[in-house]
Number of protein chains: 2
Amino acid sequence: MQIHTDFRELCRSHGLAMTHQRQVIYDMLVVMPGHPSPEEVFDRVRKKLPSISLATVYKTIHTFIESGILREVSPHHGSLRVDDNIRPHHHLVCTTCKSITDVDDSVFEPLRFKHRLPQGFKFERFAVDILGLCPQCAAKADKRHKAQ
Amino acid sequence: MQIHTDFRELCRSHGLAMTHQRQVIYDMLVVMPGHPSPEEVFDRVRKKLPSISLATVYKTIHTFIESGILREVSPHHGSLRVDDNIRPHHHLVCTTCKSITDVDDSVFEPLRFKHRLPQGFKFERFAVDILGLCPQCAAKADKRHKAQ
DNA sequence: CTAGATGCAAACAGTTTGCGTCACT
DNA sequence: AGTGACGCAAACTGTTTGCATCTAG
């Protein structure tokens, strides 16, 4: 499923040091179904590496995310956010500052299924995040880029 | 923007008791832009209602969500979830048990913008959640429904 | 040899809970 | 009058940090 079969190579190509812990965490990650939380990863990695600490799992996952080896499922974990907008709409989400702005659902063509959903899933609605840089963060990134 | 202008009526139609705290929280909520967190709501409500407690704000927001007056922006707050799938895909999310399953992005026609995004927003990618009931939760809900 | 990774414990942030009191219906 | 809402403090869960030690490059 992954392009890199060799973890050592994967680390090198992303500028990361290769450690035993990282190897075991990564191997576990790609094998666990359903998008595990750090705690779940820790519980399983622990069985192979009894002395590992939860802090290391967190740090490693963040390192993987920053280097692009992994993604987080959603930019919205962290805190409950309230939506009082009852009209159909989607969210413009800044990947840097995490700000959320509404856009009307007419910004794009209605979503149309091409295939059936997996058997037994009872569809309710879509929630679409349009990820990118908000005007403020885009401007800052631009400046930083020019300065270099 | 809201259909109900009268909060007392809104409560009645959702089977909720009307209290001063709920009124102030609700008024604040619809006025605050950018999908505030409970803490942010608390900070502002406090200025009008100095004796209110954070716990009440949390309880009230949950009450509003359960009764359908509000929604949460995302079903994914709470804990970091890791995604090792580098292929374009979307997520089937169960609104009851919060389980997440991947579906290939070919389940529906590619998203096509109809209008431009707001000026200055630098688009990166979409993240689509397909919300509904997973097979297990759908089956349970069905049983419960028949039992009544 | 040295920068950076690990493990531990303590600190934090966000959220929930138990319980006595108070207020809507 | 009775059910449920409120306020407070304490408990909990998920996450981060500081620091001493160890290890990959």
Point to revise | Closest non-hydrogen atom pair, A:P38 against A:L54 | key: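 So the two residues come closest at O-CD1, 4.3 Å.
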Point to revise | Heavy-atom pair of closest approach, residues B:A17 and B:C11 | key: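 Shortest heavy-atom separation between B:A17 and B:C11 comes out as O-SG, 4.0 Å.
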Practice item. Taking only the side-chain nitrogens and oxygens of A:S79, find out if one of them lies under 4.0 Å from OP1 or OP2 of C:dT15. Key: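 Result: yes.
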Review point. Hey, does the side chain of A:T60 come within less than 4.0 Å of C:dT6's phosphate (OP1/OP2), counting only N and O?
Key: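 So the side-chain polar atoms of A:T60 do come within 4.0 Å of the phosphate oxygens OP1 or OP2 of C:dT6, strictly under.
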For [X] and [N], what is the distance between atoms [atom1] and [atom2] respectively, to the nearest whole Å?
{"X": "B:I25", "N": "D:dA5", "atom1": "CD1", "atom2": "P", "value": "12 Å"}
{"X": "A:M18", "N": "C:dT6", "atom1": "CE", "atom2": "C1'", "value": "15 Å"}
{"X": "B:Q23", "N": "C:dA23", "atom1": "CD", "atom2": "C1'", "value": "16 Å"}
{"X": "B:H62", "N": "D:dA5", "atom1": "NE2", "atom2": "P", "value": "15 Å"}
{"X": "B:K98", "N": "D:dG14", "atom1": "NZ", "atom2": "P", "value": "13 Å"}
{"X": "A:E39", "N": "D:dT13", "atom1": "CD", "atom2": "P", "value": "9 Å"}
{"X": "A:H77", "N": "C:dA13", "atom1": "NE2", "atom2": "C1'", "value": "12 Å"}
{"X": "A:F42", "N": "D:dT15", "atom1": "CZ", "atom2": "P", "value": "13 Å"}

[X] side chain, from C-beta outward: closest of [options]:
{"X": "B:Y58", "options": "D:dG14, D:dG25, C:dG14", "result": "C:dG14"}
{"X": "A:T56", "options": "C:dG7, D:dG7, D:dG25", "result": "C:dG7"}
{"X": "B:S53", "options": "C:dT15, D:dC8, D:dG25", "result": "D:dC8"}
{"X": "A:R8", "options": "C:dT6, D:dG25, D:dG14", "result": "D:dG25"}
{"X": "A:A17", "options": "C:dT6, C:dA5, D:dG7", "result": "C:dA5"}
{"X": "A:T19", "options": "D:dA24, C:dT16, C:dT15", "result": "D:dA24"}
{"X": "B:K59", "options": "C:dG18, D:dT15, D:dG25", "result": "C:dG18"}

Exercise for review: Would you check if there is a donor-acceptor pair between the side chains of A:N85 and B:H35 at a distance under 3.5 Å?
Suggested key: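 A:N85 and B:H35 do not have a side-chain donor-acceptor pair below 3.5 Å.
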Exercise for review: Tell me which of B:Q21 and B:L54 sits closer to the 5' end of DNA chain C, going by the nucleotide each one is nearest to.
Suggested key: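 It is B:L54, whose closest nucleotide lies nearer the 5' terminus.
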Review point. Taking for each residue the nucleotide of DNA chain C bearing the nearest heavy atom, is the 5' side occupied by B:L16 or by A:G78?
Key: A:G78
Practice item. Step through the shown structure and confirm whether more than 12 heavy atoms of other residues, nucleotides or ligands are within 6.0 Å of NE2 on A:H20. Key: no
Review point. Mind checking whether B:F108 and B:H90 have ring centres under 6.0 Å apart?
Key: yes
Exercise for review: Select base, sugar-phosphate, or nothing to describe what A:H20 touches, counting heavy atoms under 4.0 Å on all strands.
Suggested key: nothing
Exercise for review: Determine the contact category for A:S51: base if any of its heavy atoms lies under 4.0 Å from a base atom, sugar-phosphate if only primed atoms, P, OP1 or OP2 are that close, otherwise nothing.
Suggested key: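 The answer is sugar-phosphate, as A:S51 gets under 4.0 Å only of primed atoms, P, OP1 or OP2.
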Check your understanding: Is there a chain of hydrophobic side chains (I, L, V, M, F, W, Y, each step under 4.5 Å between heavy atoms) that links A:V107 to A:I100?
Key -> no
Point to revise | Given DNA chain D, 5'-ward residue of the pair B:L49 and B:L80, judged by closest heavy atom | key: B:L49
